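Here's the structure, in structure tokens; my notes come after.
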Amino acid sequence: MTEPTNDSGNVRVRFAPSPTGYLHVGGARTALFNWLFARQQNGTMILRVEDTDAERNKPELVEGILSGLNWLGLNWDEGPFYQSQRTQLYVDAAKKCLANGSAFLCYCPAEKYVGGDHAEDGTEGGQVRRVVRCSCRDGIPSTRGTRPAIRFKVPIGGKTTFYDVVFGDTEFSNDDIEDFMLLRSGQDNEEFGQPMYHLSVVVDDIDMRITHVIRGADHLSNTPKQVLLYRALEAKPPIFAHLPLILGPDRKRLSKRHGATSVSMYRDEGFLPEAFQNFLALLGWAPGGDVEFLRTSDLIQKFKLEGVSRTNGVFDKAKLEWFNTQYLQHLPIEDLLPQVEQELKRSGLWKEEWASGSGREWFSRTVDLLRPRVRLLPDFSTWARAFFSDDFSIDPAAEAKFWKDPKIPDLLAKLAEKLAALPEWNHDAGDHALRALCEAEGVKAGLLINATRVAIVGQAVAPPLFDTMVVLGRDRVVKRLRAAAPAIVAKS
RNA sequence: GGCGCUAUGGUGCAACGGUUAGCACGCGGCCCUUUCAAGGCCGAAAUACGGGUUCGAUUCCCGUUAGCGCUACCA
């Protein structure tokens with residue numbers, strides 16, 4: 001995945017995370033939409049790490065971002081490329097702008113250009129300073145003896161327009177665009193310092209022949225600057241598609257305050273990647289119509305940039321959980337098995353005999369029996385532990401709920417012997433045996449059914465009893481029943 | 001402050017000039033029942049506000065309001 005490959009399709013897209021944090025939900029959705037579009041168009045997906053800011057960049061985070069993408073099944077065809085290793089390209093481009101008059105050497109102190117949220121110091125007569133046109137752009141250095149930075153020389157007057165697949169034709173007045181920084185001023189012996197975002201993005205998108213820039217709508221207002229840069233570098237701008245932002249329940253931009261915002265947290269909680277993908281795809285996009293359960297292949301087939309919403313959306317964890325249960329319940333069993341296998345390996349309950357043959361069949365039947373009641377993958381190791389291990393404990397709440405009746409120990413003991421003597425072992429045989437016993441003892445079948453469930457799986461909640469007994473096998477069931485009776489007596 | 005974007009139930013989407021405004025999550029109720037889920041049925045719940053345009057506006061235009069974004073020698 002590191003070597004550039006020749007592209008068969010002509011669509012080329014990229015996902016360009018900055019390693020200043022983990023892969024968050026919004027980034028994952030951007031990556032997903034790029035990926036869906038690339039795969040559908042038979043195009044090329046490029047991964048580019050935007051690590052030009054040496055101070056904020058944390059190289060160790062790259063690995064987490066890549067593994068998050070891998071977990072979601074979002075693979076790439078070229079890269080990862082690192083901008084920190086491509087500095088010369090950006091410097092050359094900036095100098096080209098300088099040479100053709102579309103950029104200038106700026107000697108102003110940084111504070112002069114500060115605006116917006118950072119404008120406390122830049123206030124002038126109560127007015128917040130915004131667009132700055134300093135004298136440097138006309139070749140008159142504002143300050144002597146300082147090292148210059150390179151700024152883009154935004155045209156005076158006129159408009160910059162571009163087409164966005166999601167937001168349509170968009171235009172900005174050039175007079176509203178500040179002369180943005182291309183290259184920082186140099187430190188020590190450097191001629192110039194680090195390249196800035198707009199420069200490196202545009203240079204790379206040109207160099208990598210990106211055809212569609214699919215990214216968060218927070219970049220919509222940045223786009224005219226980049227369009228101006230494309231022109232200055234004599235390149236044709238790509239097609240833009242800006243995606244609405246993902247917000248927390250309080251309608252603020254999703255952040256750590258909202259709990260889990262990193263995709264790795266969802267992986268660790270035990271969500272199925274395909275369910276997560278399905279959920280994410282439907283946040284800001286819909287195929288039209290009422291279908292919601294869309295597997296990866298469906299998404300690839302139906303995805304359309306034109307169908308992307310322009311409205312910011314709230315991340316709704318309850319809906320994500322619903323998607324997960326849908327996948328747990330409706331996935332072809334063979335697609336679910338490997339995930340459960342992985343979970344059992346993680347928790348140390350896995351046995352090699354379940355890997356193939358009759359063991360695999362048993363494993364498949366058991367998972368199939370369990371899955372309507374599972375919400376997250378780890379439930380297989382915790383709630384359903386008794387299905388995979390003899391080392392399990394009786395849930396105190398289940399005990400309190402279903403072992404109250406003083407007749408229970410005796411009934412369980414009798415049931416054990418009755419089951420042990422059964423000529424055959426299947427659902428109906430167990431059913432009949434239990435009901436016959438209850439009739440003879442004059443108790444309701446429900447009483448013993450519930451008590452038996454607790455005895456053999458340790459839980460108040462489990463699959464239907466007689467199916468559970470079949471899956472567990474006669475030996476286990478009888479053994480657990482025999483153990484339960486004296487245990488109850490001992491406690492009371 | 002300036003510029004930009006957005007506005008359908010609590011949430012995610014649908015309806016892209018004509019529907020009793022649809023679906024899903026969540027919520028409430030009922031059914032099923034061997035626990036708990038699942039499933040089935042039913043219910044409460046929305047076009048931000050004000051003007052236009054039109055025979056007719058959720059849909060097109062303008063304004064207001066609100067939210068978000070950008071406004072860094074961050075990305």
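Computed from a predicted model, the values in this text were never measured in an experiment.
Taking the six-membered ring where the residue is Trp, the centroids of A:Phe276 and A:Phe323 are separated by 6.0 Å or more.
A distance of about 35 Å separates the C1' atoms of B:C74 and B:A48, rounded to the whole Å. Nucleotides B:G4 and B:G63 have their P atoms positioned 11 Å apart, rounded to a whole Å. B:U58 sits 24 Å from B:G43 when the C1' atoms are compared, rounded to a whole Å. The same atom, P, is picked in B:A38 and in B:C70; the two are 40 Å apart, to the nearest Å. Separating the P atom of B:C31 from that of B:G67 is a span of 46 Å, rounded to the nearest Å. When the P atom is compared between B:U64 and B:A24, the two are found 39 Å apart, to the nearest whole Å. Nucleotides B:C13 and B:A72 are separated by 31 Å at their P atoms, to the nearest Å. For the P atoms, the distance linking B:A44 with B:C36 amounts to 28 Å, nearest Å.
Relative to the side chain of A:His427, the nucleotides B:A75, B:C3, B:U34 differ in distance, and B:U34 lies closest.
Looking at A:Arg373, its side chain comes within 3.5 Å of the base of B:C36 through a donor and an acceptor atom. Counting distance only, with no hydrogens placed and no angle test, the side-chain atoms of A:Ser221 and the base atoms of B:C3 include no donor-acceptor pair under 3.5 Å.
Consecutive Watson-Crick or G-U pairs involving RNA chain B, each under 3.5 Å on both distances, make up stems of three or more pairs at B:1-7 with B:65-71, B:10-13 with B:22-25, B:27-31 with B:39-43, B:48-52 with B:60-64.
Comparing A:Ser309 and A:Pro372 by the nucleotide of RNA chain B that holds the closest heavy atom to each, the one mapping nearer the 5' end is A:Ser309. For A:Asp51 and A:Ala318, each mapped to the nucleotide of RNA chain B holding its nearest heavy atom, the one lying further toward the 5' end belongs to A:Ala318.
When the side-chain nitrogen and oxygen atoms of A:Arg375 are compared with OP1 and OP2 of B:C36, none of them lie within a distance under 4.0 Å.
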Would you tabulate the side-chain donor-acceptor contacts of residues 284-292 of chain A under 3.5 Å, counting partners in other chains and residues two or more places apart, or write 'none'?
unit_1	atom_1	unit_2	atom_2	d
A:Trp285	NE1	A:Lys304	O	3.4
A:Glu292	OE1	A:Lys319	NZ	3.4
A:Glu292	OE2	A:Lys319	NZ	3.0

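With hydrogens and angles ignored, the 3.5 Å screen pairs a side-chain donor or acceptor of A:Arg147 with a backbone N or O of A:Asp188. Under a 3.5 Å cut-off, the side chain of A:Asp179 and the backbone N or O of A:Arg151 do not form any donor-acceptor pair. With hydrogens and angles ignored, the 3.5 Å screen pairs no side-chain donor or acceptor of A:Trp383 with any backbone N or O of A:Gln459.
Applying the 6.0 Å contact sphere to CZ of A:Arg476 captures more than 12 heavy atoms from other residues, nucleotides or ligands.
At a cut-off of 3.5 Å, with distance as the only test, no side-chain donor of A:Asn34 or A:His212 sits close to an acceptor on the other residue.
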